[in-house]
Amino acid sequence: MIDLKYLEFLENILTDNRKERFLKVLENRTNHFTIAVEDIFQMHNTSAVMRSCEVFGIQELNVIEERYGKSIDKEIAMGAQKWVDINTFDSVTSCLDAVKSKGYQIIATTPHENDCLMEDFDITKPSALFFGTERDGLSEEIMQRADGFLKIPMVGFTESLNISVSAAIIIQNLTNRLRNSDVNWHLSEEEMLVKRLAWAKSSIKDIKRIEARYFEENPRV
């Protein structure tokens with residue numbers, strides 16, 4: 001449960017514009033879709049995907065680092081790492097199990113001929129969209145456990161796009177359709193409170209000192 005008194009204390013430190021901005025952004029955030037990227041060797045691609053998640057309202061990004069353990073490229077992410085929840089996994093299996101346990105269907109994005117096109121994709125089901133590298137694609141385990149497949153329609157000679165480009169196109173398309181649908185895609189009240197607290201803490205300089213002072217004056221029972 002969120003300590004509402006503590007949240008109010010922190011938000012009173014913020015400007016009114018900042019608080020209003022948080023509420024406006026949260027109104028467009030969703031956990032109906034979640035994104036997963038698998039072993040992306042070039043970290044700027046993962047950072048760019050995270051930026052697309054933030055811009056188009058996806059709250060969670062899952063990063064599988066089975067082969068390449070790296071940190072987020074903050075320059076490419078442009079601060080998005082402050083506003084998007086990053087879940088990291090050291091194996092494909094653990095990521096797949098985690099998203100399935102949350103009720104998501106697993107959707108593999110691939111250029112296969114018989115895959116579902118974006119405009120035909122059923123947006124009503126909570127979905128975890130998996131992206132692999134342009135060179136290697138997704139691993140066999142993801143392909144085997146996928147509940148469905150999704151592709152971007154292409155009419156040129158080139159058969160694939162860079163992962164960051166593919167993710168941006170798909171995320172924008174599906175979230176736009178979602179917002180124009182009757183699907184209940186919004187964050188719950190509790191989820192919004194959690195993010196308001198996290199974002200307030202990330203926005204306040206010297207938060208550890210302020211937090212320590214608050215709990216010294218307001219000890220937890």
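These numbers come from a predicted model, not from an experiment.
- Partners of Asp206 according to the salt bridge (Lys or Arg N to Asp or Glu O under 4.0 Å) rule, which considers only residues two or more places apart in sequence or in another chain, are Arg209.
- Evaluation of the side chain to side chain donor-acceptor pair (under 3.5 Å) rule for Glu189 yields no partner, not counting sequence neighbours.
- Taking each heavy atom of Leu138 and Gly132 in turn, the nearest pair found is CD2-N, 3.3 Å.
- At distances below 3.5 Å, at least one donor-acceptor pair connects side-chain atoms of Asn62 with backbone N or O atoms of Ile35.
- Between the side chain of Arg29 and the backbone N or O of Glu191, no donor-acceptor pair lies under 3.5 Å.
- With sequence neighbours left out, the side chain to side chain contact (heavy atoms under 4.5 Å, CB included) criterion links Asp182 to no other residue.
- Side-chain atoms of Trp83 and Phe22, non-hydrogen and from C-beta on, do get closer than 4.5 Å to each other.
- Closest heavy-atom contact between Thr110 and Lys151: O-CB, 2.9 Å.
- Looking at heavy atoms from C-beta onward, Thr109 lies out of side-chain contact with Ser166 at the 4.5 angstrom threshold.
- Counting only heavy atoms from C-beta outward, the side chains of Ile107 and Phe121 approach each other to under 4.5 Å.
- Judged by distance alone, the side chains of Gln59 and Thr30 never bring a donor and an acceptor atom under 3.5 Å apart.
- Phe215 and Tyr6 have tilted rings, their planes meeting at an angle from 30° to 60° on a 0 to 90° scale.
- When side chains are defined from C-beta on, Leu26 does not count as touching His186, because their heavy atoms never get closer than 4.5 Å.
- Remark: side-chain polar atoms of Ser52 are not paired, donor with acceptor, to backbone N or O of Met50 under 3.5 angstrom.
- If you take OG1 on Thr175 and CD1 on Ile170, they are separated by 11.5 Å, rounding to the nearest 0.5 Å.
- No side-chain heavy atom of Ile64 sits less than 4.5 Å from a side-chain heavy atom of Thr88.
- Evaluation of the salt bridge (Lys or Arg N to Asp or Glu O under 4.0 Å) rule for Arg145 yields Asp97, Glu141 as partners, not counting sequence neighbours.
- Inter-residue side-chain proximity for Trp199 and Arg18 is flagged as unmet; no heavy-atom pair is nearer than 4.5 Å.
- For the pair Thr46/Val63, a side-chain contact is recorded, criterion being any heavy-atom separation below 4.5 Å from C-beta on.
- Rounding to the nearest 0.5 angstrom, the gap separating the CD1 atom in Ile169 from the CZ atom in Phe56 is 10.0 Å.
- Smallest separation of non-hydrogen atoms from Ser203 and Leu14: CB-CD2, 4.0 Å.
- A distance-only check finds no donor-acceptor pair linking the side chain of Asp147 to the backbone of Gln105 [under 3.5 Å].
- Remark: Trp185 pairs with no residue by the ring pair (Phe, Tyr, Trp, His ring centres under 6.0 Å) rule, at least two apart or across chains.
- Ala128 is linked by a side chain to side chain contact (heavy atoms under 4.5 Å, CB included) to Thr34, Val99, Tyr104, Phe130, counting only residues two or more places apart in sequence or in another chain.
- Both Leu4 and Val194 are members of a single hydrophobic cluster when ILVMFWY side chains are connected at heavy-atom separations under 4.5 Å.
- Checking side-chain atoms of Asn176 against main-chain N and O of Gln172 turns up no donor-acceptor pair under 3.5 Å.
- In this structure, Tyr214 and Asp3 have side chains that are in contact, with non-hydrogen atoms separated by less than 4.5 Å.
- Ion pairing between Lys201 and Glu11 fails under the 4.0 Å rule for side-chain N and carboxylate O.
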Between Thr15 and Asn17, is the side-chain hydrogen bond (donor to acceptor under 3.5 Å, both in side chains) condition met? List the steps. CA-CA 5 Å; Thr15 65; Asn17 285 342; 5.4 Å; no
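- The distance from the OG1 atom of Thr124 to the NE2 atom of His32 is 6.5 Å, given to the nearest 0.5 Å.
- Residues Leu197 and Leu10 share a closest heavy-atom pair of CD1-CD1, 3.7 Å.
- With a 6.0 Å radius and a threshold of 12 heavy atoms from other residues, nucleotides or ligands, Glu216 has its CD atom at or below the threshold.
- Using a cutoff of 4.0 Å between basic side-chain nitrogens and carboxylate oxygens, Lys102 and Glu60 are scored as salt-bridged.
- Using a 4.0 Å cut-off between a side-chain N of Lys or Arg and a carboxylate O of Asp or Glu, Lys195 and Asp85 qualify as a salt bridge.
- One distance of note links SG of Cys95 with CD1 of Ile142; it measures 7.0 Å at 0.5 Å rounding.
- Rounded to the nearest 0.5 angstrom, Arg51 CZ and Ser164 OG are separated by 11.0 Å.
- With values rounded to the nearest 0.5 angstrom, Asp120 atom CG is found 10.5 Å from Met118 atom CE.
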